[in-house]
Amino acid sequence: MRKVLVLTEAKAGNLRSVSLEALTAAHRIAEGGEIIAVTLGSDATQYANVLGKHGANKIYIIGNKVLDVYTTDAYSQALRQVIDVVQPDAILMPHTAIGKDLAPRIAARYGLGLVSDVIDVQVDNGDVIFTRPIYSGKAFEKKKVVSGIPFATVRPNNIPVEEISGTIEIVHFNVDIKDLRTIVKEVVHKTTGDVDLSEAKVVISGGRGVKSAEGFKPLQELADILDGAVGASRGACDAEYCDYSLQIGQTGKVVTPDLYIACGISGAIQHLAGMSNAKIVVAINKDPEAPIFQVADYGIVGDLFEVIPLLTEEFKKVLAHV
Ligand code: FAD
């Protein structure tokens, strides 16, 4: 039995679903032990209920206003104070921008090894085994922490979330945050779609074949119907058809949606690094030799400006009956 600490994350008033995936992973690691979820910021209390329904036995609420906006300094001070009190046997965090920044810092502070970007967790004969992709998703490695406690970041959209209800204890935890070296004065959000690209279940992605910023409109329309997000290749971003925040790939975001529709994207290895773990890949390209077809489950050879409106119409009809 282990005591597992999970850092949860919310964005714009919504708990990120990767937090629940991390709780499911924690449940496996705990083997009947305690799962402690940590939520930070002045609206942290509102997430307690849902965390409790997904396996958290104890919820540490750290309601300091200074934690409403992420800074490495404030979050690491807060989390370290929790860790010092809880003394967990394992730690999990989401592999998000926050987790990627915070986890190495915490690991270094405690002299722990960190297994980042895990897509699966199993316990084998008492050993915690993490699976993570390597070589841009071409292979997978299994890792066991042999010294110190298991500490990992969990990639969004890979571990099926389980509902696990039990007793919940709420702890309002006071932390002392001082001597901050950075203070965020203002956060300006970019006006991209409503659905978070990293966690979207459906991603409609456009490449250089989309040809203009205007060319992204049919993709956005299809994404809206499927409750998905729009992504892009670096080719499209470099050509200034869209913002770099949409870029998927080795130097962009990594996505693992249930459905990825690549429109006018050739399928360069650097792009595949960001999407090849999608559950179903559909490629629309007018070149039948385009490499993207090698990773696609379904390929449509054709002009995306003809194919996408047809798909949109068909999805509209089907969804009208759901
Ligand atoms: P292209 O390769 O130009 O492909 C456009 C495709 O559109 C073609 O296959 C064409 O047949 C098709 N097409 C054209 N018109 C239509 C139409 N009307 N209908 C249907 N299909 C049409 N790339 C990324 O995406 N993400 C990364 O993170 C990334 N990181 C990189 C890092 C490094 C270090 C380097 C060197 C490169 C990186 N790249 C990355 C760039 C990558 O190598 C490719 O150049 C890029 O992915 C190509 O973008 P594209 O597929 O949109 O464009």
Side-chain angles (χ1 to χ4, degrees), residues 95-97 99-101 116-117 119 132-139 153 155-158 190 192-193 196-200 202-223 226 228-257 259-315:
H95 192 73
T96 53
K100 283 185 232 177
D101 185 60
S116 68
D117 202 14
I119 58 166
R132 63 187 297 277
I134 50 171
Y135 304 124
S136 300
K138 281 194 172 315
T153 58
R155 184 188 279 199
N157 279 350
N158 280 278
K190 282 191 172 147
T192 46
D196 186 327
L197 184 55
S198 318
E199 293 200 336
V202 176
V203 174
I204 316 294
S205 226
R208 211 173 271 146
V210 170
K211 294 192 175 70
S212 65
E214 187 76 6
F216 266 88
K217 281 192 177 155
L219 278 70
Q220 185 66 58
E221 205 180 322
L222 179 55
L226 296 175
V230 168
S233 70
R234 179 155 143 189
C237 300
D238 285 345
E240 298 183 2
Y241 302 161
C242 61
D243 192 87
Y244 277 102
S245 60
L246 301 191
Q247 185 185 319
I248 289 167
Q250 187 182 315
T251 44
K253 292 198 167 82
V254 174
V255 295
T256 27
L259 174 63
Y260 187 89
I261 306 185
C263 314
I265 293 178
S266 59
I269 181 80
Q270 296 89 355
H271 186 76
L272 303 187
M275 46 63 71
S276 57
N277 286 326
K279 293 191 183 72
I280 294 180
V281 176
V282 177
I284 307 168
N285 198 302
K286 61 182 186 184
D287 174 8
E289 303 298 324
I292 190 76
F293 287 125
Q294 287 166 20
V295 295
D297 299 284
Y298 300 94
I300 303 173
V301 179
D303 186 327
L304 67 94
F305 296 106
E306 291 169 17
V307 175
I308 294 176
L310 290 175
L311 279 180
T312 305
E313 281 315 305
E314 286 307 312
F315 277 121

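Remember, it's 1-based here, ligands and their atoms both numbered in the order they're listed.
Remark: minimum distance from atom 45 (O) of ligand 1 to any protein heavy atom is reached at Arg208 NH2, 4.6 Å. In terms of protein heavy-atom proximity, atom 13 (N) of ligand 1 is closest to Gly209 CA, 3.7 Å. Given atom 26 (N) of ligand 1, the protein heavy atom at minimum distance is Ile248 O, 2.8 Å. In this structure, the protein non-hydrogen atom closest to atom 19 (N) of ligand 1 is Leu304 N, 2.9 Å. Atom 15 (N) of ligand 1 has Lys211 NZ, 2.9 Å as its closest protein atom, hydrogens excluded (heavy atom only). Among all non-hydrogen protein atoms, the one lying nearest atom 2 (O) of ligand 1 is Ser266 OG, 2.7 Å. Looking only at heavy atoms of the protein, atom 22 (C) of ligand 1 is closest to Lys286 CG, 3.8 Å. Here the heavy atom of the protein found nearest to atom 46 (C) of ligand 1 is Gly235 N, 4.0 Å.
Ala232 approaches Cys242 most closely through the heavy-atom pair CB-SG, 3.4 Å. For Ile284 against Ile308, the heavy-atom pair with the smallest separation is CD1-CG1, 4.0 Å. Of all heavy-atom pairs spanning Gly215 and Pro218, the tightest one is O-CD, 3.2 Å. Scanning all heavy atoms of the two residues, the minimum distance from Lys253 to Ser198 falls at CD-OG, 3.7 Å. Gly267 approaches Pro291 most closely through the heavy-atom pair O-CB, 3.9 Å. Scanning both residues, Ile204 and Cys263, for their nearest heavy atoms gives CG2-SG, 4.0 Å.
In this comparison of Gln250, Glu289, Arg234, the heavy atom closest to atom 25 (O) of ligand 1 sits on Arg234. Looking at Gln270, Met275, Lys253, it is Gln270 that brings a heavy atom closest to atom 38 (C) of ligand 1. Evaluated by nearest non-hydrogen atom to atom 29 (C) of ligand 1, the leading choice among Asp303, Asp238, Thr251 is Thr251. For the residues Ile308, Val307, Asn285, the heavy atom positioned nearest atom 8 (C) of ligand 1 is part of Asn285.
The shell of residues lying under 4.0 angstrom from ligand 1, judged by heavy atoms, excludes Ala232.
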Applying side chain to side chain contact (heavy atoms under 4.5 Å, CB included) to Asn157 and Val255, what does each step give before you reach the verdict? CA-CA 8 Å; Asn157 279 350; Val255 295; over 6 Å; no
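Considering backbone and side-chain N/O of Phe305, none are found under 3.5 Å from N/O of ligand 1. The shortest N/O to N/O separation between Ala290 and ligand 1 does not fall below 3.5 Å.
Which parts of ligand 1 touch Gly264 is read off a 4.0 Å heavy-atom cut-off, strictly below it: atoms 5 (C), 6 (C), 7 (O), 12 (C), 21 (N), 22 (C), 52 (O). Shown in contact with Gly302 at under 4.0 Å from a heavy atom are these atoms of ligand 1, numbered in order with element: 19 (N), 20 (C). Distances below 4.0 Å separate heavy atoms of Gly207 from the following atoms of ligand 1: 52 (O). Heavy-atom contacts of Gln247 reach the following atoms of ligand 1: 26 (N), 27 (C), 28 (O), 29 (C) (cutoff under 4.0 Å). Short contacts between ligand 1 and Gly252, defined as distances under 4.0 Å to a heavy atom of the residue, involve ligand atoms 28 (O).
Between the side chain of Asn158 and the backbone N or O of Pro156, at least one donor-acceptor pair lies under 3.5 Å. Side chain of Tyr260 to main chain of Lys279: no donor-acceptor pair is present (N/O by atom type, distance under 3.5 Å, no hydrogens or angles). Between the Thr256 side chain and the Ala278 main chain, no donor and acceptor come within less than 3.5 Å of each other. Listed for the Arg132 side chain is a donor-acceptor partner under 3.5 Å among the backbone atoms of Ser116. For Asp117 (side chain) and Arg155 (main-chain N/O), no donor-acceptor pair under 3.5 Å exists by modelled atom type.
Residue contacts with ligand 1, taken as heavy atom pairs separated by less than 4.0 Å, involve Ala268 solely via side-chain atoms from C-beta onward. Residue contacts with ligand 1 for Ile292 are absent, since no atom lies close enough (heavy atoms, distance under 4.0 Å).
Ile265 contributes atom CD1, which lies 11.0 Å from atom CZ of Arg208 (distance to the nearest 0.5 angstrom).
Atom 53 (O) of ligand 1 lies below 4.0 Å from at least one non-hydrogen atom of the protein.
Residues Val281 and Met275 have side chains in contact (heavy-atom distance under 4.5 Å, counting atoms from C-beta outward).
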